[in-house]
Structure formats: structure tokens, C-alpha cells
Number of protein chains: 2
Amino acid sequence: MGATKTEHFTAEQNEMANLMKALAHPARIAIIDYLLKVNACICGDIVNELPLAQPTVSQHLKELKNAGLIKGSIEGTAICYCIDETTFLKFQNYLTHIFGIINTNKNNCC
Amino acid sequence: MGATKTEHFTAEQNEMANLMKALAHPARIAIIDYLLKVNACICGDIVNELPLAQPTVSQHLKELKNAGLIKGSIEGTAICYCIDETTFLKFQNYLTHIFGIINTNKNNCC
DNA sequence: TCTATTTATCGTAATATTGCAATATACAAA
DNA sequence: TTTGTATATTGCAATATTACGATAAATAGA
């Protein structure tokens with residue numbers, strides 16, 4: 001097998017799992033961390049910031065872009081990537097809900 | 001290759017990527033959703049709640065347990081699973097930080 | 001003890017992910 | 001046009017994940 005049975009789960013469950021999957025690699029966490037640290041679009045030097053070959057970085061950026069977590073625009077010979085706030089907001093809404101329940105329901109466990 | 005180069009990233013980046021990976025499947029999101037919905041330990045009927053075979057569910061539970069997101073205790077012939085708040089708190093701390101930066105740095109993007 | 005029930009593990013097939021060399025593409029500047 | 005620079009794509013090998021049938025282990029109750 002090896003293929004996730006997405007059709008049996010709710011749209012939200014699949015959506016959240018996809019966002020988690022997009023962030024389920026330290027290189028992609030590092031990219032997000034870096035984008036937030038420089039607090040701007042990155043135009044050119046992401047590859048130098050990561051301990052991976054250029055095609056690998058390009059692939060990770062593509063996955064983050066497909067998930068909607070970052071967006072890019074062509075800027076001459078370079079590409080500018082930055083955080084896509086809309087998707088992060090959706091992600092935040094789900095997680096805030098989850099964390100909210102966890103924090104109010106403390107100690108009702110075996 | 002196929003193996004993540006964890007040694008090149010920070011401990012926090014690897015830790016967060018691992019938590020994301022543990023949640024990067026709709027079945028595991030569904031398990032967490034269900035645990036929160038019933039607001040208690042689940043003793044016995046997780047398998048019936050999911051559209052997957054028993055060995056598959058058992059495997060997903062194991063992954064959530066390995067990641068520290070749930071904990072289980074033997075209760076007669078059944079196993080009781082529940083949310084592990086400590087790990088979720090760590091996860092929340094990281095994400096609250098990320099979301100905080102994103103929400104304060106709006107519109108400084110290309 | 002025997003049986004039923006519940007959860008875990010093993011083994012395996014199908015599929016997905018990771019990483020990079022080689023190469024392609026796109027554009028700026030000489 | 002040619003050269004240099006930056007990013008993307010292709011192709012492939014190594015590894016990981018997903019799913020489940022078969023089976024094991026553990027316990028409760030007859």
C-alpha cells in the first residue's frame with residue numbers, strides 16, 4: 001500500500017495533516033525560522049543558509065509553496081520567498097482550538 | 001538517499017519537525033480530535049472510530065506515543081490512551097512564538 | 001482450562017520522501 | 001551574443017511510510 005486513505009477523513013483533518021506534513025522536515029522548519037528571523041522576503045540566499053544542495057533546497061521550497069505556507073515572486077534573476085500569512089492563520093486557528101481544549105481539560109486523564 | 005540529514009539542524013528544528021511528522025497523517029489528526037472530543041482517556045474503541053484496520057490503527061497510536069503526544073496505560077484487557085499535555089505544551093510554545101511573529105510583522109512582504 | 005476479546009507485532013507489498021548529480025531555464029551584464 | 005549567476009526540473013538510488021493479513025500475547029470470564 002503506502003498511500004494514505006484521505007477519502008475517509010474530513011476535509012479539515014486532511015488539510016491539517018497536509019500542513020503538518022509540509023513542516024515535517026527540519027530543513028523546512030529552518031526555512032520558516034529563517035524567513036521569520038530576517039523578517040522580510042528572502043531574495044537569493046536561502047541555499048547558502050541551509051546545509052543541503054541547491055536542488056534539495058529548491059525541492060523543499062516547492063513543498064512549502066504547494067502547501068501554501070510560503071509564496072514567491074520573481075525578482076530579476078532571483079526569486080523572493082516569504083511567509084504566506086493566510087495559510088498560517090488557518091493553521092493557527094486549528095491549533096489554537098486544540099491547545100485551548102487541552103489547557104482547559106487538565107488532569108482528567110488516567 | 002531518503003534519510004533526513006538531522007545532524008545539520010538544531011535540536012529544536014528536529015524536535016518540531018518530529019512533532020509535525022507525528023501529526024502528518026489524517027488518521028493521527030483524527031485520533032487527537034477524538035481524544036479531545038470525548039475529553040477523557042479512550043479505553044477500547046479507537047479502532048471502531050477509524051476507517052482503518054486494527055493493525056494500522058495500532059501502528060498510528062504507536063507513532064503518536066513515540067512522539068510523546070499521547071500516553072497509554074493498561075486497563076485490564078484494554079489500553080487507555082490520552083493526550084500527553086507536556087508535549088503539546090512544548091509544541092504550543094514553539095507555534096505561539098511563530099504565530100506571534102507572523103501576526104506582528106504583517107505586510108512587509110513583496 | 002478453554003474461549004472470547006483486545007491490542008501488539010511480524011512480514012510484506014505498494015507508495016512516498018529525501019537527496020543530489022546532471023541538466024535545463026531564465027535573466028542580467030559585459 | 002556570450003558569459004555568469006540563480007533557480008527549477010529530471011532521473012535515480014536509498015530509505016521511510018502506509019496498510020493490512022496473519023499471528024502472537026495478554027487478560028477476563030465461563
Side-chain angles (χ1 to χ4, degrees), chain A residues 1-9 13-14 17-31 34-35 41-67 69-82 110, chain B residues 1-9 13-14 17-31 34-35 41-67 69-82 110:
Chain A
M1 305 274 169
T4 298
K5 291 192 158 183
T6 52
E7 68 275 14
H8 296 305
F9 299 97
Q13 284 165 348
N14 282 308
N18 273 332
L19 291 178
M20 296 288 186
K21 199 194 288 190
L23 292 171
H25 193 289
R28 297 196 288 271
I29 294 278
I31 289 170
Y34 184 67
L35 277 168
C41 308
I42 300 185
C43 299
D45 57 347
I46 301 194
V47 173
N48 303 324
E49 290 295 324
L50 291 177
L52 295 169
Q54 180 269 324
T56 310
V57 174
S58 185
Q59 196 173 285
H60 283 305
L61 288 167
K62 192 179 172 186
E63 277 172 66
L64 286 170
K65 198 176 176 185
N66 284 343
L69 290 167
I70 64 173
K71 52 189 173 182
S73 65
I74 298 166
E75 192 90 2
T77 173
I79 303 273
C80 289
Y81 280 114
C82 58
C110 33
Chain B
M1 304 277 170
T4 298
K5 291 192 158 184
T6 52
E7 69 275 14
H8 296 306
F9 299 97
Q13 284 165 348
N14 283 308
N18 273 332
L19 291 178
M20 296 288 185
K21 197 194 288 188
L23 293 170
H25 193 289
R28 297 197 289 271
I29 295 278
I31 290 170
Y34 184 67
L35 277 168
C41 307
I42 300 183
C43 299
D45 57 348
I46 301 193
V47 173
N48 303 324
E49 290 295 324
L50 291 177
L52 294 169
Q54 181 269 324
T56 311
V57 174
S58 185
Q59 196 173 287
H60 283 306
L61 287 167
K62 192 179 172 187
E63 278 173 66
L64 286 171
K65 199 177 176 186
N66 284 343
L69 290 167
I70 64 174
K71 51 189 174 182
S73 65
I74 298 166
E75 192 91 3
T77 174
I79 303 273
C80 289
Y81 279 114
C82 60
C110 33

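Here the structure is a predicted model, which means the values were calculated and not measured.
Residue K21(A) is classed as a sugar-phosphate contact, given heavy-atom separations below 4.0 Å to backbone atoms only.
Rounding to the nearest 0.5 Å gives a distance of 10.5 Å between CD1 of I70(B) and CD of E63(B). One finds the CD1 atom of I31(B) at 4.5 Å from the CG atom of L61(B) (value rounded to the nearest 0.5 Å).
Each end of the helix from dT1(C)-dA30(D) to dA30(C)-dT1(D) gets its own rotation axis from five pairs of C1' atoms, and the angle between them is 20° to the nearest 10 degrees.
Within residues 50-62 of chain B, the residues having any heavy atom closer than 4.0 Å to DNA chain D are, in order of number, L52(B), A53(B), P55(B), T56(B), Q59(B), H60(B).
Counting all heavy atoms, side chain and backbone alike, A30(A) lies closest to L50(A) at CB-CD2, 3.8 Å. In terms of heavy atoms, A67(A) sits closest to L19(A) at O-CD2, 3.6 Å. Between F9(A) and N14(A), the closest heavy-atom pair is O-ND2, 3.5 Å. Considering every non-hydrogen atom in both L64(A) and A22(A), the closest pair reads CD2-O, 3.7 Å. Shown here for G72(B) and Y81(B), the closest heavy-atom pair between the two residues is CA-CD2, 3.7 Å.
Contact annotation: Y81(B) reaches the phosphate of dA8(C) (side-chain N/O to OP1 or OP2, under 4.0 Å).
Taking atom CE of residue M20(A) and atom P of nucleotide dT17(C), one finds them 17 Å apart after rounding to whole Å. Straight-line distance from the NE2 atom of H8(B) to the C1' atom of dG19(C): 11 Å, rounded to whole Å. Rounded to whole Å, atom P of dA8(D) lies 12 Å from atom CG of N66(A). One can place CD1 of I79(A) at 12 Å from P of dA28(C), the figure rounded to the nearest angstrom. Residue E63(A) contributes atom CD, which lies 14 Å from atom C1' of dA8(D) at whole-angstrom precision. Computed from coordinates, the I31(A) CD1 to dT7(D) C1' distance equals 13 Å when rounded to whole Å.
When atom types are taken as modelled, the side chain of R28(A) and the backbone of A17(B) share no donor-acceptor pair closer than 3.5 angstrom.
Side-chain contact between H60(A) and L52(A) is present, with at least one heavy-atom pair separated by less than 4.5 Å.
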